[in-house]
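Scroll down for the structure; my scribbles are underneath it.
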Amino acid sequence: MTDFTKPVGKTHKSFALVLSGGGARGLSHAGVLRTLVARGYIPSVIVGVSMGAVVGTTYAMNDDWFDALVGMDTSGFPATPDFRLPGLTARMKGLRTALLAARDMYFGWGVGAPTETWGRSVLSDLTQGKNLEDGRIPIFVCATDMLTGKRVVFGKGNAADYIYASAALAGILPPLVDGPHVLMDGAYADIAPVDVARATSAEIVIAVDPSQRENTIGPKNGMQAMLRSIEVCQYEHARLRFAQADLVIQPEFGQSIGTLEFGLKRHCIAAGAVATRRAYGDIETLLNPGNAERMAEPLAG
């Protein structure tokens, strides 16, 4: 039986893989990586943000990386309100969850604070307690310094600590205090740090964008308008950053998947694999050693 987590061997241009955030949707990165490796395309470096940092670092540190991610314990993640469910009882349950979350954010760091120790243990298991510099390929993890608002990039140090910082969502988990930095989710400062990948020796940069528009309907009140304005800013920022890559692989999920809906992780992984297969032609064009010239315009997968 073929082991699709192992490389089959192929000569190709070196490439950096930029894996962005997305919460549960970010597990699509595992499907992308698995499919690339099965095709013989092995990244020479990975730059990870948020869940992309978790997936990329696990790949770099753990020989059993794919099964470890599929089997990752997600039982400790906090519940999130779901107002899509029909019926008054379901909606009241969603409202109660939302009110409890608001209380935890106001009086503490958020609903995930009680699970911080558990979460760090899960990340330590995924990365086998290693440091970032111990990976089989270079791995760079990006977080946001909440004091300066600037991106901070780590290539050395405890892997579990820095991927925790990179994935620590505001209002859900406490930040990581690291020397002069107060670190939280890397996507706040930079959803797709293509420039970090460009600064390596890699010839090509491929990015994975698992974002999903949550709202395509116009706002009907002030609160909806405020949330929509934030969404517009986020997507425009993401569009500009991803456009700097040579190729963007964009998984399609076929349904709305919330940030913490890890019960759908297999669906997300499969979406990443499908998107990568669809992009094989563009990938081969970019990475074929006979293609001496980098394509002038970025490609959209």
Side-chain angles (χ1 to χ4, degrees), residues 13-23 25-34 36-37 41-62 65 69 123 126-127 130-145 150-168 181 183-211 237-251 272 276 279 283 286-287 294 298-299 301:
K13 292 181 180 181
S14 63
F15 70 98
L17 198 57
V18 176
L19 304 180
S20 63
R25 296 188 305 276
L27 281 169
S28 60
H29 297 313
V32 172
L33 259 170
R34 186 176 192 243
L36 285 172
V37 171
Y41 294 116
I42 315 301
S44 57
V45 60
I46 293 177
V47 180
V49 176
S50 196
M51 185 54 69
V54 175
V55 172
T57 305
T58 301
Y59 170 82
M61 306 290 158
N62 192 333
W65 66 274
L69 287 167
L123 297 178
L126 288 175
T127 57
K130 296 179 180 179
N131 288 338
L132 292 172
E133 63 268 30
D134 297 330
R136 59 168 159 255
I137 63 170
I139 175 79
F140 296 96
V141 170
C142 300
T144 301
D145 185 344
K150 294 182 179 179
R151 182 187 70 191
V152 185
V153 182
F154 298 96
K156 295 181 179 180
N158 184 271
D161 282 349
Y162 289 125
I163 61 176
Y164 167 82
S166 184
H181 305 299
L183 302 171
M184 299 199 80
D185 196 298
Y188 301 144
D190 193 350
I191 187 68
V194 174
D195 61 316
V196 176
R198 292 272 185 227
T200 71
S201 59
E203 299 171 87
I204 299 295
V205 176
I206 297 175
V208 184
D209 176 11
S211 63
H237 172 228
R239 185 187 68 80
L240 293 172
R241 296 300 285 154
F242 279 110
Q244 298 175 29
D246 297 299
L247 171 67
V248 181
I249 298 174
Q250 295 178 292
T276 307
I283 293 169
L286 280 172
L287 300 183
R294 177 176 295 172
L299 301 169

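On a predicted model such as this, the values are computed, not experimentally measured, just so you know.
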**Message:** Run the side-chain contact (heavy atoms from CB on, under 4.5 Å) test on T200 and F140 for me, step by step, so that the C-alpha distance in whole Å, both residues' side-chain angles and the decisive distance to 0.1 Å come before the verdict.
**Reply:** CA-CA 10 Å; T200 71; F140 296 96; 4.1 Å; yes
**Request:** With side-chain contact (heavy atoms from CB on, under 4.5 Å) as the test, would you mind laying out the steps for S211 and F242 before giving the verdict?
**Result:** CA-CA 11 Å; S211 63; F242 279 110; 5.7 Å; no
**Request:** Using the side-chain contact (heavy atoms from CB on, under 4.5 Å) rule, take V49 and D190 through it: C-alpha gap first, then chi angles, then the decisive distance, then the call.
**Result:** CA-CA 8 Å; V49 176; D190 193 350; 6.0 Å; no
**Item:** Working for side-chain contact (heavy atoms from CB on, under 4.5 Å), residues K130 and T57
**Value:** CA-CA 10 Å; K130 296 179 180 179; T57 305; over 6 Å; no
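In terms of modelled atom types and a separation under 3.5 Å, the side chain of S166 and the main chain of S50 share a donor-acceptor contact. Looking at S20, its side chain never comes within 3.5 Å of a backbone N or O of G52 through a donor-acceptor pair. Judged by distance alone, with hydrogens and angles left aside, the side-chain atoms of T144 form a donor-acceptor pair with the main-chain N or O of D185 at under 3.5 Å. In this structure a side-chain-to-backbone donor-acceptor pair under 3.5 Å is missing from R151 to P193. Of the possible donor and acceptor atoms, one in the side chain of E133 sits under 3.5 Å from a partner among the backbone N and O of G157. Counting only distance, with no hydrogens or angles, the side chain of R25 and the backbone of P210 share a donor-acceptor pair below 3.5 Å.
Among residues two or more places apart in sequence or in another chain, the ring-ring contact (aromatic ring centres under 6.0 Å, His included) test is passed with F154 by Y162. Remark: D134 pairs with no residue by the side chain to side chain donor-acceptor pair (under 3.5 Å) rule, at least two apart or across chains.
Here the CD1-CD1 distance, from I206 to I46, works out to 11.5 Å after rounding to the nearest 0.5 Å. Atom-to-atom distance recorded for H29:NE2 and D209:CG is 8.5 Å, nearest 0.5 angstrom. To the nearest 0.5 Å, atom CG of residue L286 and atom CG of residue L247 are 5.5 Å apart.
The shortest side-chain heavy-atom distance between L19 and L33 falls under the 4.5 Å cut-off. No side-chain heavy atom of L36 sits under 4.5 Å from any side-chain heavy atom of P43. Under the 4.5 Å side-chain criterion, counting only non-hydrogen atoms from C-beta, F15 is not in contact with I283. Contact check for I163 versus L126: no side-chain heavy atoms found under the 4.5 Å cut-off.
Under a 4.0 Å N-O distance rule, the pair K13/D246 does not qualify as a salt bridge.
Cation-pi check for R34 over Y59 is not met; the charged atom does not lie both under 6.0 angstrom from the ring centroid and within 45 degrees of its normal.
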